[in-house]
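Residue numbers start from 1 in every chain, and the chains themselves are labelled A, B, ... in the order their sequence lines are given, proteins ahead of strands. Nothing here was measured: the structure is a model prediction, and the numbers come from that model.
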Amino acid sequence: MKKKLFDIISFAVTACTEKGLLPAVDVSRIEIEVPANPEHGDYASNVAMILASQAKQNPRKIAQTIQENLSDPAGIIEKTQIAGPGFLNFFIKDEVWKQVLQNILDQQDRYGVLDIGGGKKVQVEFVSANPTGPLHIGHARGAVVGDVLVNLLQTAGYSVSKEYYINDAGNQMNNLGKSVWYRYREALGETIEFPENCYRGDYIKDISAGIIKTDGNKYLAANEDETISYFNGVAGGLILEEIKQDLKDFGVVFDQYFSEKELYKENGVADLLASLQKQGFIYSDEGTLWFKTTSYGDEKDRVVIRKNGDPTYFAADIAYHRNKFSRGFDILIDIWGADHHGYMPRLWAAIQALGHKKEDLKIILVQLVNLLRAGEPVAMSTRSGEFVTLREVLDEVGKDAARYNFLMRRSDSHLDFDLDVAKKQSNENPVYYVQYAHARISSIIRMAQERGVAMPAHQKIDAALLAEPEEKTLIKMMARYPEILEGAAKSLEVHRITFYLNELAGVFHSYYNKNKVITDNNDLTAARLVLIDAIRVVLANALKILGVSAPEKM
RNA sequence: GCGCCUGUAGCUCAGCUGGAUAGAGCAUCAGACUACGAAUCUGAGGGCCGUAGGUUCGAAUCCUACCAGGCGCACCA
C-alpha cells in the first residue's frame, strides 16, 4: 500500500515538474506513514515539507499543487486532504481495504512473505557458548533473538543459515579437562584443593562419575597431560550434546556447528596471517605479531600471535570470518552479548583488511540479562556453578512464555528477568494474551460449525457489512502486517513483531467484547467469520516467526 | 581516564529511523459474564521524554556538553 502511494505521489511530483509548477526535486527522501490519529487519514506523506526547502515555496502550497496533479488510475483513493504544516493525507477506499481479507485468506501461511531479500545469502551466528557448561538463562536471550531473526529474514526473502561457533581450542577448554580430572581424583578418595580457574558445577562431578563407571580408576596411573586432554574431549563432547538438546527443546536448531579447531587445520590460521603480513596489515614487534586495526579506526592495534607463539582468539576469529565469506554469504550477522562490544572495531577492521565492506558484517548486541529472584539480584557465574540453566527455565516457565519474554524488549535494552514472576505462569505473562486471541477465534469457528454454520467462502462475503470501527481498524492493521515485517527485517529488530501482535490481539479482544460474531443475520455472520479467520491467520503467521505456538485451545 | 549501551507515567517498556494532542502492560480506583472462552473488556487518575544549549517549518528521536546507571578497556575467550 505504501508503495502504491509512493508511486502515485512521485508520479504527481514529476507531472508538476514537467508543467513547470515545481523545480526538479529529489523525491527519494519523502516518507509515507500511518498517522497516530485516524482523523489524519490512513496514510500521510510529508512530501510538501521535504520539497519546501528545495523548491523554496510554502509547504501547504506545494501540497496543494501536488494534490491537484494526483492521478489515481487504480482508483484506490477515497479522498485527500492537506493538513497541519503541509501534510498530504490519504484516505483509502473501503473496497481496497476489504481486498486484504481476500489476500490473507488466499495466501494463508504465505501472507506476509516478502521478497526484499532477493534470495541474498545471509548467515546468522549466535549463542556460540563454549561447551564448558550447560547454557544458562543469559544465553537464552541471544538464542531467541537469533532464532527469530533467522525466521524473519527467511520470511523476508533471504536465504539464511544459522551457525553455532564452538570455541573449543583455547585455555578454557583445558580448564574443563582439568576440572574433570580433579573431580575424578576426588571421587576416588584424594583430597583436592580445587583451583580457582576450574569449573565447580555439579555437571563436572557427573561427568567424572561417568568416566569412573566405564573406565574405573585406570587414569590415576596414566600420564596427567594426556589424561586431561582426553577428559577435555570427553567432557566437551558430552556438554555440547546437552547444549544441543536444550536448544532443541527451546525451539532452536542450528544448520551448522563450526569448530574453532577446523580453522587450524592445514595451517589455516598461520597462512592467513602470513598473507595479511605480506599485504602490510600485520607487523612484528619483538616476537609478537600485531594487526594494524588502528588503520580502520580501532583505538589500538591488536595482538594476533603472542610472544610465546600462540595465536590469540582474535587470530582465529579473523580466519573464521574469512571462512564465512568464502562460503558465499553476502551478509554476515553476529549476535553477541553486549559485554563484548569493545571487540567490534577490531573485527570490522579485520574484514575490511580482507577486502569486505564494514556493512557486510552486522553485529547485534544483546544486553545481558539481569537475573532477579523476587526483586533481588542473583549472582551468576559458570565457574562457581551458581546459575539458573536454560533447562530450568524451560521446565518451569515453558518454551512459549520464555521465548516471548525475551522478545518483549529491544535487544539492546537491559532486561530484568525475575524468576519468581516468570515461573508463576500467571496471566501477567503477555504471551497468553496473544495466544488467547488465537484460541478464542478458533473456539468461535468451532462453535459456528457446531451450530451448523460452515466457514463461508471468503470470496463471496459482503465485506461492506464490516462497518464497525473495530472491524475497519482490524482490517487496516492486518493490511500493515507485511509493512511491519519489512521494517523489522530492515532494522533487524525482532521485537517489533511482538508489539504488533499485542496490539492486534488487543483490538480483537476489544472487538469481541462489543460484538457477536455469530448472529441471526447470516450475511453478517459470514462476513465476520471471514474477518476473524483472517485475524487467526495473521496471528498464527506472526507467532510462527517468533517460534511460539498458536494454540486452538488453552 | 577513554569507549559502547541505557535514561520516557509509581514499576517494566514501546514510540514505525525528524512529524500532527508522547502510548501500552502491570499496579491503584470504579464498573461489565442467564451473551460465540472473564487468561477478556469499559472507564479514571498518573508525564519538564535525565539536565542545559544547538540544528529547522517541526526534536523523545539528530549534534554538543554535563548528570546518573550498566558494561567494556588483556599477549582471556
- Note on the structure: Between Gln367(A) and Glu493(A), whichever has its closest RNA chain B nucleotide further toward 5' is Gln367(A)

- Note on the structure: Whichever of Gly487(A) and Tyr511(A) has the more 5' nearest nucleotide on RNA chain B, that residue is Gly487(A)

Choose from [options] the nucleotide whose nearest atom is closest to any side-chain atom of [X].
X	options	value
Ala44(A)	A20(B), C36(B), G19(B)	A20(B)
Asp412(A)	C75(B), U6(B), C36(B)	U6(B)
Pro85(A)	G37(B), G3(B), G19(B)	G19(B)
Met554(A)	A39(B), C57(B), C36(B)	A39(B)

Can you check the distance between [N] and [M], where both ends of the measurement are the [atom1] atom (answer in whole Å)?
N	M	atom1	answer
C41(B)	G46(B)	P	23 Å
A52(B)	C67(B)	C1'	11 Å
A59(B)	A22(B)	P	12 Å
G47(B)	A9(B)	P	10 Å
U42(B)	U56(B)	P	44 Å
A14(B)	C33(B)	P	37 Å
G7(B)	G15(B)	C1'	15 Å
C48(B)	U8(B)	P	12 Å

Under a 3.5 Å cut-off for both contacts, is [N] paired Watson-Crick or G-U wobble with anything, and if yes, with which nucleotide?
N	value
C26(B)	G10(B)
U51(B)	A65(B)
A39(B)	none
G72(B)	C2(B)
G19(B)	C57(B)

Any base atoms under 4.0 Å from [X], or only sugar-phosphate, or nothing? Heavy atoms, all strands.
X	value
Val34(A)	base
Asn130(A)	sugar-phosphate
Asn167(A)	sugar-phosphate
Lys553(A)	base
Ala83(A)	base
Ala36(A)	nothing
Asn46(A)	base
Asp168(A)	nothing
His340(A)	base
Gln449(A)	nothing
Ser491(A)	base
Ser510(A)	sugar-phosphate

Tell me whether the OP1 or OP2 atom of [N] has a side-chain N or O from [X] closer than 4.0 Å.
X	N	value
Arg410(A)	U6(B)	yes
Ser413(A)	A14(B)	yes
Arg302(A)	A74(B)	no
Arg496(A)	A14(B)	no
Tyr436(A)	A39(B)	yes
Tyr512(A)	A38(B)	yes
Thr312(A)	A77(B)	no
Tyr500(A)	G15(B)	no
His414(A)	U12(B)	no

- Message: Could you check whether Glu125(A) pairs with Lys324(A) (Lys NZ or Arg NE/NH1/NH2 to Asp/Glu carboxylate O, under 4.0 Å)?
- Response: yes

- Under the salt bridge (charged side-chain N to carboxylate O under 4.0 Å, His left out) test, which residues partner Lys490(A), sequence neighbours left out? Glu486(A)

[X] and [Y]: side-chain donor and acceptor closer than 3.5 Å?
X	Y	result
Glu31(A)	Asn46(A)	no
Asn541(A)	Tyr481(A)	no
Glu471(A)	Tyr511(A)	yes

Is the aromatic ring centre of [X] closer than 5.5 Å to the centre of the six-membered base ring of [N], with the two planes inclined by less than 30°?
X	N	value
His509(A)	A39(B)	no
Phe87(A)	A20(B)	yes
His40(A)	A20(B)	yes

- Item | Syn-anti status, with the boundary at 90° from 0, for the nucleotide C29(B) | anti

- Query: Syn or anti for U17(B), with syn set at within 90° of 0?
  - Reply: syn

Mind calculating the distance between [atom1] ([X]) and [atom2] ([N]) to the nearest angstrom?
X	N	atom1	atom2	answer
Arg480(A)	G15(B)	CZ	C1'	16 Å
Tyr433(A)	C26(B)	OH	C1'	13 Å
Arg346(A)	C73(B)	CZ	P	9 Å
Arg409(A)	G7(B)	CZ	P	13 Å

- Message: Quick check on the 6.0 Å ring-centre criterion: do Tyr43(A) and Phe90(A) meet it?
- Response: no

- Atom CD of Glu163(A) and atom CD1 of Ile333(A): how far apart are they, to the nearest 0.5 Å? 13.0 Å

- Kindly indicate whether the side chain of Asn89(A) and the base of A20(B) share any N or O donor-acceptor pair separated by less than 3.5 Å? yes

- Message: Can you say whether a donor on the side chain of His341(A) sits under 3.5 Å from an acceptor on the base of G3(B), or the other way round?
- Response: yes

- Message: Are Pro85(A) and Met49(A) packed together at the side-chain level, in the sense that at least one heavy-atom pair is separated by less than 4.5 angstrom?
- Response: yes

- Flag, side chain of Arg403(A) to backbone of Leu546(A), donor-acceptor distance under 3.5 Å: yes

